[in-house]
Peer 1: 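The structure's right below; bear with me while I get my questions together.
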Amino acid sequence: MTKNNKIEFHFQFNQTKSPIDNQNRYALEFIQSIKPLFKEKFPNGYYAPDSNKMEFFAAYSKPVYDNFEELQDDLNNFLNEILPIVNQQILIYKNKYPDFIANRFSQEDQTKMFGKMEERFQRYKIIEELEDELEEEDDLIIVTPSEFKMPLNQILYGPPGTGKTYHSINKAISIANPEFDLNQERDLVKKEYQRLVDAGQIVFTTFHQSMSYEDFVEGIKPEIEEDSEGVKTVIYEIKKGIFKEISENAQTIRLQSEEVRSKYTFDDAWDDLLKEADEHINGEQFMILGIQTAGMGLNIVAITDKGNLKVQPQSSNEAREYTVSFSRAKKLQAAFPDLTVIKNIDKEFREVIGGSNSTAYWAVVKYINDKIKSKTKPITQEIPLPAVPYVLIIDEINRGNVSQIFGELITLIEEDKRLGNPEELQLTLPYSKTKFGVPSNVYIIGTMNTADRSVEALDTALRRRFFFEEMLPDLEVLTDKKIEGIALKELLGTINKRVEILLDRDHTIGHSYLMNINSEEDLKSTFRNNIIPLLQEYFYGDYEKIGLILGKGFFEDSENYTKDIFASFPTQNYPENGSVLRLKPIDETFNIIEALESLLIKAK
């Protein structure tokens, strides 16, 4: 099922290019023999580059089907093209390699698979029905699994003081280390954030008006070189920008050393036994296998056409020859990888393979067991680890010229254009002339202050490539927080309602300004250094509007005047008499509680 709710199907062939045994080698050769035949039938399929670690190719349908019935004819046509190719190559490789195992997927396997699929469908159906019932309840919010997926590109936007940077750090940690518990002391959260920054998984930057493409992607930068005589020379080199560097780091292949046992099987040991015995026979001497009786043994006198062994007691050329078959010896070795546990050789061997010469089989299995033990050794190999997420936090993203800074990345950061996706794109960078694409494990989190009038809004091209999450003042975090009878939740709510009416919601005041208030002095400091300067900036010194928000308690009459103060001019717009109101200085004599009480009084 595709994003547009259409149905599609595809056929894939893949096999590792690092085979670990004969079956893997046969399968790789088998898959590679199909590839050119497949390519003739499906020239527009996907064929992985030769440098890949996997031999991989596939054919895809067009996602144009609304239901399975519409898809069925095309699916049958695909099968009629593919199955004859596969069946033909299976026959060829079974003749070439008699031990090549194919057609493993039986009708029984298919029936089991369909049964599991049906169980899954029924389970999803129950979930959907449950969600439909829950959605009828007004007080419940349904979160579907898809909503848990963190968007690759997102912007947190809202008024100042709503915790955008705070939440961007939390989001970055939850992406880079999903196992970390964010519900801990803030000091522990910041330590984890710093650890991820030091590891290069999180990068923090701030956009500003002089930020450029050369800083963000790549550019030519001057470097000063000094020779042994102190002569300085300016050279110019291509330097990676912030985003290119994190993208390249995200593509670094991480390896983990792991100790594994080398693969050496019964088949390998049997092949070595036949080879060694054949060399002895060609040299006109017999290979001797030891038996339980000390000083005695069995000669391997011949190898049959079917790859079995003929053995004869070493004591006499006239002694009877015995056949040791590959299949029986394999059964015995599987049953007795350690022969020392056997108490009655005749009885216990007969239970596995029936009547036979137990001494002959014991000698061969002893050789096989010793060979496997000597050849199976621990080896260290490098195991590739899954890619880890990388996060770029861009604070104040709207303060830079975003279109100019991102350049061609505006296209490359789209999810379906990321490396590894079906629609992946790579572009040639203008300075280095190298191919560049954005990996799927790089996340971008931007923050945007909606009250910032100094820059223009983000353009449409960038907006549609980002998930936007609005962050408004959260009054609930101030619940039960009071200073001398002043409820901070009510205080901030009142201020913001007035700001929203006189201006707009984007210029409300964030809860973070009041979160750390614990005394009257803290309140004074916050209003003096944060809230009042913010209101003055919002209203450009229009003290009448500021007064409608803060009330009389924050103002004083600085001087009285009469109409004589004005120049002579025929107008009806000046008052006869009046006074000039100015904000009171919030100093040690200022009574913040009285002022806030007047703030909370509404006009009558």
Side-chain angles (χ1 to χ4, degrees), residues 9-61 75 77-110 113 253 255 258 260-279 303-308 325-327 329-331 333-334 368 371-372 375-377 379-384 420 422:
F9 63 85
H10 59 270
F11 292 89
Q12 293 181 352
F13 292 81
N14 61 79
Q15 177 63 29
T16 176
K17 287 186 176 178
S18 303
I20 59 173
D21 57 25
N22 285 339
Q23 286 301 322
N24 275 169
R25 282 190 287 273
Y26 300 155
L28 176 59
E29 190 177 335
F30 168 69
I31 293 292
Q32 289 173 333
S33 75
I34 290 176
K35 187 174 183 179
L37 304 173
F38 189 88
K39 205 166 189 177
E40 288 180 13
K41 298 287 186 182
F42 308 105
N44 296 323
Y46 174 76
Y47 300 91
D50 290 338
S51 59
N52 279 19
K53 293 184 178 181
M54 294 287 291
E55 183 66 69
F56 179 89
F57 51 93
Y60 301 87
S61 73
L75 179 61
N77 291 335
F78 263 67
L79 289 172
N80 290 336
E81 295 279 1
I82 291 173
L83 290 180
I85 294 174
V86 175
N87 289 334
Q88 165 194 304
Q89 296 306 108
I90 286 176
L91 291 175
I92 291 173
Y93 275 81
K94 279 194 168 182
N95 288 328
K96 185 176 181 181
Y97 302 114
D99 56 335
F100 176 46
I101 301 173
N103 295 334
R104 288 185 179 180
F105 197 70
S106 65
Q107 184 67 42
E108 183 182 354
D109 295 328
Q110 185 172 349
M113 183 189 74
I253 298 175
L255 298 174
E258 187 173 295
V260 297
R261 307 292 293 180
S262 59
K263 296 285 186 179
Y264 187 83
T265 65
F266 176 92
D267 293 20
D268 298 321
W270 185 269
D271 289 343
D272 285 346
L273 176 57
L274 295 185
K275 182 179 178 182
E276 190 176 347
D278 188 55
E279 288 174 354
I303 300 172
T304 70
D305 294 338
K306 293 184 178 180
N308 298 321
S325 76
F326 167 86
S327 58
K330 189 170 186 176
K331 287 182 181 179
Q333 194 277 329
I368 296 290
K371 200 77 170 176
I372 290 174
K375 290 284 188 178
T376 304
K377 298 178 181 178
I379 58 173
T380 301
Q381 63 182 22
E382 299 293 335
I383 307 296

Peer 1: Nearest 0.5 Å please: distance from the CD1 atom of Ile34 over to the CD atom of Gln15.
Peer 2: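 Reported to 0.5 Å precision, the distance equals 11.0 Å.
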Peer 1: Sub-3.5 Å donor-acceptor pair from the side chain of Trp270 to the main-chain atoms of Lys330, do we have one?
Peer 2: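 Here the side-chain-to-backbone pair does not exist.
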Peer 1: What pair of heavy atoms forms the shortest contact from Ala277 to Ile303, and how long is it?
Peer 2: CB-CD1, 4.3 Å
Peer 1: Any idea which heavy atoms bring Ser325 and Asn308 closest together, and the distance?
Peer 2: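 Heavy atoms only, the tightest pair is CA-OD1, 3.3 Å.
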Peer 1: Please check: side-chain N/O of Asn87 versus main-chain N/O of Pro84, any donor-acceptor pairing under 3.5 Å?
Peer 2: no
Peer 1: Step through the shown structure and confirm whether more than 12 heavy atoms of other residues, nucleotides or ligands are within 6.0 Å of NZ on Lys371.
Peer 2: yes
Peer 1: What's the separation between atom CG in Asp272 and atom CG in Asp267, rounded to the nearest 0.5 Å?
Peer 2: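 Here the rounded value is 11.0 Å.
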Peer 1: May I have the step-by-step check of side chain to side chain contact (heavy atoms under 4.5 Å, CB included) for Val86 and Phe38, ending in yes or no?
Peer 2: CA-CA 9 Å; Val86 175; Phe38 189 88; over 6 Å; no
Peer 1: What do the steps show when you test Lys306 against Phe326 for side chain to side chain contact (heavy atoms under 4.5 Å, CB included), and what is the final call?
Peer 2: CA-CA 9 Å; Lys306 293 184 178 180; Phe326 167 86; over 6 Å; no
Peer 1: What distance do Asp271 atom CG and Thr265 atom OG1 have between them, rounded to the nearest 0.5 Å?
Peer 2: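 So the gap between those two atoms works out to 8.0 Å.
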Peer 1: I'd like to know whether Tyr93 forms a side chain to side chain contact (heavy atoms under 4.5 Å, CB included) with Glu29, so could you lay out the CA-CA distance, the side-chain angles of the two residues, the decisive distance to 0.1 Å, and finally the verdict.
Peer 2: CA-CA 9 Å; Tyr93 275 81; Glu29 190 177 335; 3.3 Å; yes
Peer 1: Report yes if the side chains of Lys375 and Asp268 come closer than 4.5 Å at any heavy-atom pair, otherwise no.
Peer 2: no
Peer 1: I'd like to check Lys41 versus Leu37 (side-chain heavy atoms, cut-off strictly below 4.5 Å). Are they in contact?
Peer 2: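 Not in contact.
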Peer 1: Would a 4.5 Å heavy-atom cut-off, applied to side chains only, mark Glu55 and Leu28 as touching?
Peer 2: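 Answer yes - side chains close enough.
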Peer 1: Before you tell me yes or no, could you show the steps for Ile31 and Lys35 under side chain to side chain contact (heavy atoms under 4.5 Å, CB included), namely the whole-Å CA-CA distance, both residues' side-chain angles and the distance that decides it to 0.1 Å?
Peer 2: CA-CA 6 Å; Ile31 293 292; Lys35 187 174 183 179; 6.0 Å; no
